[in-house]
Amino acid sequence: AYVRPENVFNPTGVGKHQVHMIRELGRLPDVDLRILMPRHPAAARASECLSDGGRIPVWMLPWSRRLLELMWTYLPFPTVDRWLPGAGGWIYCPFEMCVPTRRHRRAATFHCVNWFEKSLPWYGLPETQRVRRRMEPVFRRCLARADRVFTVSRFLQGRMADLFGVNPARMTVVGNGVE
């Protein structure tokens with residue numbers, strides 16, 4: 001699982017989802033979970049918090065989140081295979097990002113599409129336009145690369161099918177409230 005260390009402490013909705021999904025996945029007996037984390041001042045503390053007392057291995061990636069996610073949005077590089085021994089499995093991202101890999105299947109959770117909803121009153125606001133310009137390539141690349149797309153509600157699943165043409169057969173609803 002790829003996590004953002006800055007979202008572990010005092011998390012908002014997406015950060016809380018990330019923390020609880022990682023903790024619960026790590027407790028499943030048939031899941032061999034490893035955490036991938038970018039370089040960040042909070043990474044060591046986040047690693048302690050998420051690793052379940054060191055039971056879940058954590059690999060610190062040698063780049064910052066901003067650099068990694070920018071490269072991952074526009075290039076399929078760097079792949080994370082070198083930090084994940086073994087032949088395959090899944091790379092899971094509890095938010096809208098698709099991590100490049102050569103050997104693994106990919107899954108990502110989508111939480112919101114309001115920046116793309118033309119009917120909403122804030123659609124034309126400058127801040128919404130900036131976020132939309134930044135998020136559109138992230139969404140499109142992730143949706144093109146993900147083997148499984150999780151959404152936090154049936155409503156969001158329908159909106160993603162309408163707005164991005166995602167096949168509903170590739171989507172699964174995994175609501176918030178894992179805890």
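Just so you know, these numbers come straight off a predicted model, no measurement behind them. Worth knowing before you read on, the calculation uses all heavy atoms, side chains too, and leaves out hydrogens, waters and symmetry mates.
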Exercise. Can you name the closest pair of heavy atoms from Pro5 and His40 and give their distance?
Worked result: CG-CB, 3.5 Å

For this session: Measure up the Phe164 and Phe139 rings against each other and bin them: parallel (under 30°), tilted (30 to 60°), perpendicular (over 60°).
Result: tilted

Problem set entry | Student check: side-chain heavy atoms of Met21 and Val174 closer than 4.5 Å | yes

Exercise. Is there a side-chain contact between Ser47 and Met60, using heavy atoms and a 4.5 Å cut-off?
Worked result: yes

Exercise. When clusters are formed by joining ILVMFWY residues with side-chain heavy atoms under 4.5 Å apart, either directly or through shared neighbours, do Ile56 and Phe9 land in the same one?
Worked result: yes

Seminar exercise, completed: Heavy atoms of His17 and Val152 approach each other most closely as CE1-CG1, 4.5 Å

Exercise. Listed by chain and number, what are the side chain to side chain donor-acceptor pair (under 3.5 Å) partners of Arg65, not counting sequence neighbours?
Worked result: Glu6, Glu69

For this session: For Thr151 and Leu156, indicate whether the former's side chain and the latter's backbone hold a donor-acceptor pair under 3.5 Å.
Result: no

Exercise. Going by atom types only, do Thr172 and Arg148 share a side-chain donor-acceptor pair under 3.5 Å?
Worked result: yes

For this session: Quick one: do Arg132 and Phe116 satisfy side chain to side chain contact (heavy atoms under 4.5 Å, CB included)? Show the steps, please.
Result: CA-CA 7 Å; Arg132 185 170 49 252; Phe116 305 100; 3.6 Å; yes

For this session: Mind running side chain to side chain contact (heavy atoms under 4.5 Å, CB included) on Glu117 and Leu163 for me, showing each step along the way?
Result: CA-CA 8 Å; Glu117 296 280 4; Leu163 292 167; 3.6 Å; yes

Exercise. What are the two closest heavy atoms between Cys98 and Ala146, and how far apart are they?
Worked result: SG-N, 3.7 Å

Exercise. Hey, any chance Met71 and Leu61 share a hydrophobic cluster, counting ILVMFWY side chains that come within less than 4.5 Å of each other, even indirectly?
Worked result: yes

Problem set entry | Heavy atoms from other residues, nucleotides or ligands near CZ of Arg102 exceed 12 (cutoff 6.0 Å) | no

Problem set entry | Side-chain heavy atoms of Thr109 within contact of Gln18, under 4.5 Å | no

Problem set entry | Atom pair CG (Leu120) and CG (Asn114), whose distance is rounded to the nearest 0.5 Å | 6.5 Å

For this session: Step through the shown structure and confirm whether more than 12 heavy atoms of other residues, nucleotides or ligands are within 6.0 Å of CZ on Arg170.
Result: yes

Problem set entry | Test item: Leu25 and Leu28 side chains (from C-beta on) under 4.5 Å apart, heavy atoms | yes

For this session: Check Glu96 against Cys112 and note the closest heavy-atom contact, atom names and distance.
Result: OE2-N, 3.6 Å

Exercise. In this structure, which one of Tyr92, Trp72, Trp59 forms a ring-ring contact (aromatic ring centres under 6.0 Å, His included) with Tyr2?
Worked result: Trp72

Problem set entry | 4.5 Å side-chain heavy-atom contact, Pro94 and His111 | no

Problem set entry | Salt bridge present between Glu127 and Arg130 (N-O < 4.0 angstrom) | yes

Problem set entry | Validation row: Pro78, Pro100 side chains within 4.5 angstrom (heavy atoms) | no

For this session: For residues Leu84 and Thr101, determine if any side-chain heavy atom of one lies less than 4.5 Å from a side-chain heavy atom of the other.
Result: no

Exercise. Are any non-hydrogen side-chain atoms of Met160 and Leu143 less than 4.5 angstrom apart?
Worked result: yes

Exercise. Which pair of heavy atoms, one from Trp63 and one from Leu67, lies closest together, and at what distance?
Worked result: CD1-CD2, 3.8 Å

Exercise. Stepwise, does the side chain to side chain contact (heavy atoms under 4.5 Å, CB included) test hold for Val99 with Arg145?
Worked result: CA-CA 9 Å; Val99 178; Arg145 294 174 182 160; over 6 Å; no

For this session: Using the ring of Phe110 (Phe, Tyr or Trp, six-membered ring only), decide whether Arg159 places NZ or CZ under 6.0 Å from its centre and within 45 degrees of its axis.
Result: no

Exercise. Taking all atoms of both residues into account, what is the closest heavy-atom pair of Cys49 and Val8, and its distance?
Worked result: SG-CG1, 3.8 Å

